[in-house]
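In what follows, every chain begins at residue 1, and chains take the letters A, B, ... in the order their sequences are listed. These figures come from a predicted structure and were not determined experimentally. Side chains are part of it too, since the values below use all heavy atoms of this structure and drop only hydrogens, waters and symmetry mates.
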Amino acid sequence: MLIPSEFFARPPEEVAVDLLGALVVTTIEGEETGGRIVEVEAYRGSDDPGSHAATRGITKRNATMYGPPGTAYVYFTYGNHHMLNFVCEPDGVAGAVLVRALEPTVGIDTMARRRTGRSVRELCNGPGKLTAALGIDLADNGSRLGEGRISVHYGERPPSDTIVTSGRIGLSAGHDLGLRWFLSDSDFVSRGRIGPVRHSGGRTTKGDPREAR
DNA sequence: GCGCCGATTGGCT
DNA sequence: GCCAATCGGCGCC
């Protein structure tokens, strides 16, 4: 069942947690690919130093983040990689959830062709990898989910005791905020270095996500 | 398995 | 010009 745009009209940290277990699917040139969300990060507006919407206000690059909820915000970085976000908050308010990793479930053969030489585990275990596997690029920026090439569907809700949180990855600012969530029992989360990991129950471990199992 | 480093483009100052 | 919400290859343990 397609997730409606109202689902996204909330603060990104709420949407992020609720997206764990959901299914992202693309249909590109007749080929369907996708997977189950196992890792996400939340990005807020001007109060978030790690966000594209921090301090600068609306620019050509981040304008999509201020648009209506349920829209894809796709941008290009490091000269190579596309990042997939879902716009949150009501129209006019900046906010988004970055999809960082998927467990491949749909069109694995197609995704393996797009990412030659990679094991299934490595097809979508990072934000730049999953966009390559799913064929997402700047053409998807600003498209409404379910109306363009990308759709997001409800999935089985993961048990709350498998959901853990940590700081965000790869930022020069705002990494101290606990705005990353992932499934501790998944083999498909990204391999980024991270700070302390916190269980829903409040226990703290360090280092690799797997230590939080 | 881990850590370092270069690649490569668009957007912003 | 500078830098980035990253990745993959290589060297070394």
Side-chain angles (χ1 to χ4, degrees), chain A residues 8 11-13 15-17 19-20 24 35 37-67 71-89 94-102 104 111-142 150 165-182 187-195 197 206-213:
Chain A
F8 296 95
E13 53 266 48
V15 176
V17 179
L19 278 174
L20 290 169
V24 179
I37 297 177
V38 297
E39 179 179 345
V40 288
E41 284 179 358
Y43 288 86
R44 300 190 51 82
S46 54
D47 62 331
D48 179 356
S51 170
H52 289 167
T55 64
R56 288 183 265 280
I58 301 182
T59 66
K60 185 177 179 183
R61 182 205 216 182
N62 68 20
T64 307
M65 271 187 90
Y66 291 83
T71 303
Y73 170 41
V74 179
Y75 67 89
F76 184 72
T77 192
Y78 289 107
N80 294 301
H81 306 294
H82 299 279
M83 300 288 126
L84 172 65
N85 301 252
F86 301 139
V87 176
C88 301
E89 303 277 24
V97 171
L98 169 68
V99 183
R100 286 194 55 89
L102 301 175
M111 294 193 287
R113 170 165 46 77
R114 290 175 181 154
R115 282 182 46 71
T116 315
R118 309 289 153 202
S119 65
V120 173
R121 180 185 294 224
E122 293 173 313
L123 289 179
C124 300
N125 66 336
K129 300 176 188 180
L130 71 92
T131 53
L134 271 64
I136 292 166
D137 59 31
L138 286 179
D140 297 295
N141 184 40
I150 305 172
T165 182
S166 80
R168 292 174 298 186
I169 293 178
L171 298 183
S172 54
H175 38 62
D176 47 321
L177 304 170
L179 295 176
R180 173 182 179 240
W181 291 266
F182 60 95
D187 289 328
F188 301 92
V189 300
S190 73
R191 293 285 186 168
R193 56 244 130 243
I194 56 178
V197 173
K206 287 188 168 185
D208 190 275
R210 275 153 249 287
E211 292 182 24
R213 283 187 183 182

Selection from dC7(C), dG10(B), dA5(C) that lies nearest to any side-chain heavy atom of Tyr75(A): dA5(C)
Consecutive-pair stems (3 or more, Watson-Crick or G-U, under 3.5 Å) for DNA chain C: B:1-7 with C:6-12, B:9-12 with C:1-4
Arg100(A) side chain near dC7(C) phosphate (N/O to OP1/OP2, under 4.0 Å): no
Sugar-phosphate, base or nothing in reach of Gly126(A), heavy atoms under 4.0 Å: sugar-phosphate
Sub-4.5 Å side-chain heavy-atom contact between Leu98(A) and Tyr73(A): no
Members of residues 40-48 of chain A that approach DNA chain C, where some heavy atom sits under 4.0 Å away: Tyr43(A)
Chi angles and distances behind the side-chain hydrogen bond (donor to acceptor under 3.5 Å, both in side chains) call for Ser166(A), Arg180(A): CA-CA 5 Å; Ser166(A) 80; Arg180(A) 173 182 179 240; 3.1 Å; yes
Heavy-atom side-chain proximity of Glu13(A) to Thr165(A) below 4.5 angstrom: no
Side-chain heavy atoms of Phe86(A) within contact of Val15(A), under 4.5 Å: no
Distance-minimising heavy-atom pair for Met65(A) and Val87(A): O-CG1, 3.8 Å
Interatomic distance where CG belongs to Leu138(A) and P belongs to dT8(B) [whole Å]: 18 Å
Sub-4.5 Å side-chain heavy-atom contact between Thr64(A) and Asn85(A): no
For atom CZ of Arg118(A) and atom P of dT6(C), their distance in whole Å: 17 Å
d(CD, Glu39(A); P, dT6(C)) in whole Å: 10 Å
Glu89(A) side chain near Arg44(A) side chain, heavy-atom distance below 4.5 Å: yes
Close side-chain approach of Asn125(A) to Val189(A), heavy-atom, < 4.5 Å: no
Closest listed nucleotide, where the reference is the side chain of Asn85(A) and the choices are dC12(B), dC7(C), dA5(C): dA5(C)
5' priority, DNA chain B, between Lys60(A) and Gly79(A) [closest heavy atom]: Gly79(A)
Atom-to-atom span, CG of Asn80(A) to C1' of dC3(C) - whole angstrom: 14 Å
Rounded distance in Å - CZ (Phe76(A)) to C1' (dA7(B)): 11 Å
Spacing of Leu171(A) atom CG relative to dA5(C) atom P, expressed in whole Å: 6 Å
Minimum-distance nucleotide (side-chain atoms of Arg115(A) versus dG10(B), dT8(B), dG8(C)): dG8(C)
Phosphate OP1/OP2 of dA5(C) contacted by His81(A) side-chain N/O (<4.0 Å): no
Whole angstrom value for the distance that separates P of dC7(C) from CE of Met83(A): 6 Å
Tyr43(A) and Asn62(A), any side-chain heavy atoms less than 4.5 Å apart: no
For atom CZ of Arg61(A) and atom C1' of dC12(B), their distance in whole Å: 9 Å
Sub-4.5 Å side-chain heavy-atom contact between Leu123(A) and Lys129(A): no
